[in-house]
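Numbered from 1 within each chain, the chains take letters A, B, ... in sequence-line order.
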Amino acid sequence: MLSYLQKMVLVVALLLLTGGPLTSAPTHAQSSPKSVACEQEVVVQADDWLSKIAEKAYGDVLTYPAIAEATNLKNAEDKSFAQIENYDLIEVGWKLCLPSAADAQTLLDFALAAPEITPSDSAPVTTDVGRLVLATTTSTENSGLLAAILPDFEAKYGASVEVIAVGTGQAIELGENGDADVVLVHARDREDAFVEAGYGVNRQDVMYNDFVILGPETDPAGIKGMTDVAAALTQIAETNSLFISRGDDSGTHIKEQTLWQATSLPLDEVKDLEDAKKITYKPQGDWYQSIGQGMGATLTVADEQQAYTLSDRATYLARTLEGIDLVILVEGDSRLFNPYGVIAVNPELHPTVNAKGAAAFIDWMTSLETQQMISEFGVAEFGQPLFVADSVAWNAAKQ
Amino acid sequence: MDDLIRGIIQAFEIIFSLNPALYEVIWLSLSVSGIALVFSTVLGIPLGAAMALTRFPGRQLMTALLYTGMGFPPVVIGLFVYLMLSRSGPAGQLGWLFTPKAMIVAQTIISFPLVAGFTMAAVMGVDPHLRRQLMSLGATPWQATVTILLEAKIGVIVAIVAGFGAIISEVGAVMLVGGNIEGKTRVLTTAIVLETQKGNFDLAIALGLVLLLLSFLVNVALLRLQGKAFS
Amino acid sequence: MSTNSVYKLHNLTQTYNDRTVLNIERLNIFAGEILAIVGPSGAGKSTLLRHLNFLERPASGSLKFEAFHLNGEGVPLNLRRKITTVFQNPVLLTRSVADNVAYGLKLRGKSGDQVKQIVDDALDLVGLNNLTHTGARTLSGGEAQRVALARALVIQPAVLLLDEPTANLDPYNVKLIENIITQVNREQGTTIVIVTHNIFQAKRLAHRTALLLEGRLVEIAETNTFFSNPSDSRTKAFIHGEMVY
Ligand SMILES: Nc1ncnc2c1ncn2[C@@H]1O[C@H](COP(=O)(O)OP(=O)(O)O)[C@@H](O)[C@H]1O
Ligand SMILES: [Mg+2]
């Protein structure tokens with residue numbers, strides 16, 4: 001005799017198999033707010049970032065999606081409000097709607113919740129992708145994200161993905177040489193140059209995470225809680241506090257250089273031995289040590305030396321599980337955000353690359369289902385997501 | 001293929017560019033491995049000679065340990081040295097981690113069993129009656145030992161060459177305990193890893209060539225010493 | 001020839017793996033004599049020479065050299081350096097013939113022209129002056145043996161121990177070496193103990209001859225007496241070639 005529960009399961013399973021009405025019904029239980037009241041209206045100034053405004057209004061940088069959601073909702077009623085398509089892109093003069101803190105929370109829950117997923121989204125495009133070489137930065141691998149989401153791609157597309165986790169520079173070079181089929185990196189300028197030079201095609205936003213300045217609890221430079229990353233770095237330099245740089249030409253290292261450039265410290269400009277146009281910037285002094293290694297090794301060295309360093313949040317959080325004494329001292333400055341892009345290697349340049357696989361991978365990576373997985377990754381372990389989903393489809397679905 | 005040819009051409013340009021950073025890396029490689037080799041030679045040759053020439057309790061065990069040491073993965077030695085010198089390790093007070101001292105310690109431990117093991121084999125290959133012969137000619141035990149080592153010179157130099165080859169080309173352990181800090185603990189091998197990861201294959205090849213050239217020159221120098229054994 | 005004893009052995013034994021290979025009840029060796037030790041192979045002749053050169057530790061018994069009693073401790077270097085052996089199978093160094101001959105002098109801190117002169121003279125004496133700069137490891141057995149003798153002679157030992165020094169030589173060189181032995185003994189008063197298989201050689205060279213059998217000294221006597229009027233029947237058998245070995 002089957003129990004009631006078992007029968008229900010059978011029925012649901014049958015319905016699913018026959019493509020019955022249940023699957024096409026909205027699975028999205030939470031209804032989106034229809035309208036919102038603006039507690040405050042803000043006009044975007046030069047140098048404003050959504051997260052900066054969010055920080056000012058709510059004291060929390062991560063509330064910026066609420067402002068965007070509210071403004072977009074308002075835009076439906078009143079065109080004087082801006083329509084924000086890309087959270088990273090706001091323009092001077094745009095009018096934004098800042099809801100009350102409570103409304104912001106509701107909007108935030110909505111923004112982070114799953115957008116509606118249509119069945120066509122989950123239907124495999126192709127099932128014989130085969131071997132696919134993915135060149136990516138160490139952060140996606142070290143944080144465990146790839147291990148968590150790739151099995152889904154492999155199952156759906158009959159693929160076997162070989163992950164080469166290296167610095168952004170090498171990942172891009174692997175793409176240029178046709179040694180990889182698809183690259184997933186975070187260094188926007190490099191990515192654009194890669195596509196412009198014809199090495200890559202079909203660049204898509206995937207997600208972003210943020211960087212944090214880590215240091216010892218004793219904080220000899222006294223930067224804890226500072227919100228201006230350039231000021232914090234200046235203070236590290238002025239107190240001659242040991243700072244460990246990855247120095248490996250990775251996305252993180254490139255980001256770190258732009259941060260030093262944002263300070264008014266005198267910087268050494270080191271010309272690349274190979275490519276005179278490529279210049280590495282670094283502050284002067286023995287307190288600055290460049291180790292030319294991945295994020296994991298850099299954290300180890302910084303922890304061991306009780307030094308400051310710049311890390312992406314994901315790798316740092318993952319490392320806290322294994323015991324690390326470094327703490328987050330500076331975070332939230334908009335200059336610390338870090339977008340990831342996925343790019344297919346141009347099959348016209350390298351006919352041997354798995355172009356079909358790369359296309360499938362990019363479709364899958366930016367699909368709502370995968371974006372949902374990205375949004376959820378790390379929440380169970382760290383109480384916060386490690387990456388924020390950011391594909392066009394995802395952002396559109398949320399609006 | 002293109003990469004390789006272009007790399008080799010550029011390698012020579014880089015080598016002759018007299019770039020101070022490059023020479024700093026070369027100098028550090030040579031000095032760290034050189035000092036480690038001196039230590040492992042000073043420890044390894046007497047130990048190898050003693051193990052070949054004397055009988056003592058536990059000699060078999062020592063031999064087994066030595067042979068194990070010869071085949072020990074350098075990176076495991078690196079890990080061991082790391083744990084010893086780590087802030088929370090027993091020798092953490094020294095503050096040697098991520099300094100050339102740590103690299104010298106690791107490289108000494110890596111090359112010492114090679115030097116000792118090959119020395120032992122070389123000395124054991126010398127006519128066992130030689131010692132008695134030398135004593136009979138009035139040698140002190142020390143003079144006899146030195147003469148036996150000189151007789152085993154070819155093998156002893158091979159021992160030193162093997163020890164040097166193992167450490168100048170080693171990357172895992174020096175990366176772990178040195179940290180590849182620019183201008184401080186960056187040596188040729190770790191620089192090669194770094195440049196490869198950065199996608200700078202040309203520079204990586206240049207550094208690789210420098211490494212090859214250096215080991216070649218050092219080996220030629222050692223073999224010239226060996227050549228004198230026949231004069 | 002005086003009758004001062006350089007060596008006095010008493011109940012000296014040597015065992016290998018619990019087997020006694022040498023057991024000398026009493027043996028005195030006189031200063032300035034040539035003593036021949038004969039006996040079949042395996043009798044313990046070479047082992048006895050090693051004891052005389054302090055290259056073995058006796059299992060029991062006593063050995064006195066000049067005024068020195070061998071005890072558990074080391075032998076003073078200056079005493080050790082009065083004695084040298086030309087081994088049955090000499091080991092030469094991987095160096096030139098001249099360097100091999102000079103080795104003992106170098107050990108004693110001598111250097112320069114003085115050494116070169118002594119070495120040249122010694123090589124002249126053994127008839128190898130044409131091989132001075134040859135690598136010693138390329139020599140034939142007979143040549144090696146002569147280099148070994150030259151190497152021993154240059155240090156002017158008080159006691160020269162020879163273990164079958166002419167075993168690998170042709171008759172011409174046997175004669176040459178025998179002449180050197182008598183000459184050194186006569187001119188420098190060197191005490192010589194020569195181990196040989198060859199009873200005729202013993203007869204030609206030695207003042208006294210001893211027979212060693214299975215590690216024991218069967219008979220020791222003036223060479224003439226030893227051969228013409230041996231007191232032990234085993235000696236008789238040995239010198240008549242009737243010994244089964
Ligand atoms: N190192 C050794 N270990 C074991 N047995 C030995 C050793 N040296 C000599 N012997 C044995 O001692 C005996 C005497 O040897 P040896 O003195 O060389 O004889 P000889 O020189 O009279 O031919 C022989 O039986 C020989 O096998
Ligand atoms: Mg013998």
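For the options A:Asp303, A:Ile244, A:Leu174, heavy-atom pairs under 4.5 Å to chain B are most numerous at A:Asp303. The candidate from B:Arg87, B:Glu182, B:Met175, B:Lys184 with the greatest count of non-hydrogen atom pairs under 4.5 Å with chain A is B:Arg87. By number of non-hydrogen pairs under 4.5 angstrom with chain B, the leading residue of A:Ser290, A:Ser250, A:Gly169 is A:Ser290. Ranked by heavy-atom pairs shorter than 4.5 Å toward chain B, the options A:His253, A:Gln306, A:Glu176 are led by A:Gln306.
Atom OH of A:Tyr281 sits in a crowded spot, with more than 12 heavy atoms from other residues, nucleotides or ligands closer than 6.0 Å. Within a 6.0 Å radius of CZ in B:Phe12, no more than 12 heavy atoms belonging to other residues, nucleotides or ligands are found. Counting heavy-atom neighbours within 6.0 Å of A:Phe211 CZ, excluding the residue itself, gives a total above 12. No more than 12 heavy atoms of other residues, nucleotides or ligands sit less than 6.0 Å from atom CZ of B:Phe216.
The two residues B:Arg186 and A:Ile291 have their closest heavy-atom pair at NH2-C, 3.4 Å. Nearest heavy-atom pair across B:Ile181 and A:Gln305 is CD1-NE2, 4.2 Å.
Only the side chain of A:Asp325 comes within contact range of chain B, judged by heavy atoms closer than 4.5 Å. Proximity to chain A is absent for every atom of B:Thr185, based on heavy atoms less than 4.5 angstrom apart.
Atom CD of residue A:Gln170 and atom OG1 of residue B:Thr196 lie 6.5 Å apart, to the nearest 0.5 angstrom. Going from atom OH of B:Tyr82 over to atom OG1 of A:Thr300 covers 5.0 Å, rounded to the nearest 0.5 Å.
With hydrogens and angles left out, the side-chain atoms of B:Ser86 and A:Glu304 include a donor and acceptor closer than 3.5 Å.
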